[in-house]
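What follows is a short report on a single structure.
Indexing begins at 1, ligand by ligand and atom by atom, following the structure's order.
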Amino acid sequence: MTECKLCPHHCNIAEGKSGLCLARTNVSGNIVCTAYGRLTAAALDPIEKKPLYHFFPGSKIFSIGSYGCNMRCPFCQNYDISTNKDIDTEKVTPEQVVNIAISLIPRGNIGIAFTYNEMLTNYEFVVETSRLARDKNLKTVIVTNGMITEEYLKPLLPLTDAMNIDLKCFSESGYRKLGGDLQTVLETIRLGAASCHVEVTTLIVPGFSDDEETMRGISKFIAEINKDIPLHITRYFPHYKYDSPPTDISVMRRLATIASEKLTFVHLGNI
Ligand code: SF4
């Protein structure tokens with residue numbers, strides 16, 4: 001058995017097996033990122049789609065994703081790539097990604113976004129690609145659930161220009177239901193905001209994160225770091241194992257009003 005220390009799960013992985021995220025495997029006693037450079041999706045997206053509304057607005061960013069995730073949200077909006085390691089992929093090198101990103105500059109591209117699945121489980125690829133991107137003056141963006149240990153996050157932050165970090169609820173018990181750890185995510189937001197541009201996203205899921213107390217906790221926590229950190233309140237639609245109807249728009253608006261009591265920038269998404 002070998003322990004992976006990338007995220008708070010600290011999986012003890014048997015020889016030849018993968019950890020919970022499916023992206024990291026024990027190969028001869030070493031934890032190897034078997035998802036390394038294996039892309040499931042690549043697109044030139046508007047930066048607002050990450051979502052980042054206050055980081056080079058109006059620009060585009062070359063967005064890539066792989067497979068695997070270290071949480072198990074029953075309402076996952078991308079479960080086809082987050083839970084399937086046998087999905088078709090295209091193997092690329094960091095150099096190839098950077099070269100494509102450079103070729104897209106004439107179309108408005110500012111850099112590379114690691115997104116779609118939980119790309120921090122593809123850590124080594126993200127670090128190496130970000131380092132090369134920095135050398136070429138490309139911006140780097142990470143869209144993440146924030147589930148990464150400080151030991152791994154700290155070396156990555158100097159290579160990162162912006163992050164969008166999910167804050168899915170504001171209780172340990174809620175995070176446990178999703179296979180996550182609240183304190184780790186809060187620390188990722190704190191450390192990220194001290195180092196680069198950060199925006200936070202909360203998906204409003206009926207019966208899980210649509211109550212006023214949750215929004216008061218989230219907005220107070222963010223405001224204590226910096227009230228100018230933007231918060232995206234996004235609307236849930238039925239996906240994966242969750243079939244509740246989409247979040248009521250009046251609930252979204254009420255939660256946005258509550259968040260606006262503490263925060264300068266509150267954006268509703270998916271409505
Ligand atoms: S990154 Fe993956 S393998 Fe490593 S501890 Fe987290 S879930 Fe387990």
For atom 2 (Fe) of ligand 1, which protein N/O/S atoms fall under 2.8 Å? Skip waters.
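Correct list: Cys21 SG.
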
Would you tell me whether Ser219 and Glu261 have side-chain atoms, one donor and one acceptor, within less than 3.5 Å of each other?
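Glu261 and Ser219 do not have a side-chain donor-acceptor pair below 3.5 Å.
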
Which ligand 1 atoms, with their elements, are less than 4.0 angstrom from a heavy-atom of His10?
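Reading through ligand 1 atom by atom, the close ones are 5 (S).
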
Within this structure, what is the CD1-NZ distance for the pair Ile105 and Lys136, rounded to the nearest 0.5 Å?
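Atom-to-atom, Ile105:CD1 and Lys136:NZ are 10.5 Å apart.
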
Would one find more than 12 heavy atoms of other residues, nucleotides or ligands at under 6.0 Å from atom OH of Tyr79?
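Counting neighbours around OH of Tyr79, 12 or fewer heavy atoms of other residues, nucleotides or ligands fall under 6.0 Å, so no.
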
Do Leu20 and Tyr36 share a hydrophobic cluster, counting only Ile, Leu, Val, Met, Phe, Trp and Tyr and linking them when any side-chain heavy atoms are less than 4.5 Å apart?
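Not linked; separate clusters.
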
Ion pair check, Arg254 and Glu212, cut-off under 4.0 Å:
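A salt bridge is present here (some side-chain N lies under 4.0 Å from a carboxylate O).
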
Anything under 3.5 Å between a donor and an acceptor, one on a side chain of residues 190-197, the other on a protein residue two or more places apart or in another chain? List them.
unit_1	atom_1	unit_2	atom_2	d
Arg190	NH1	Glu187	OE1	2.6
His197	NE2	Glu199	OE2	2.7

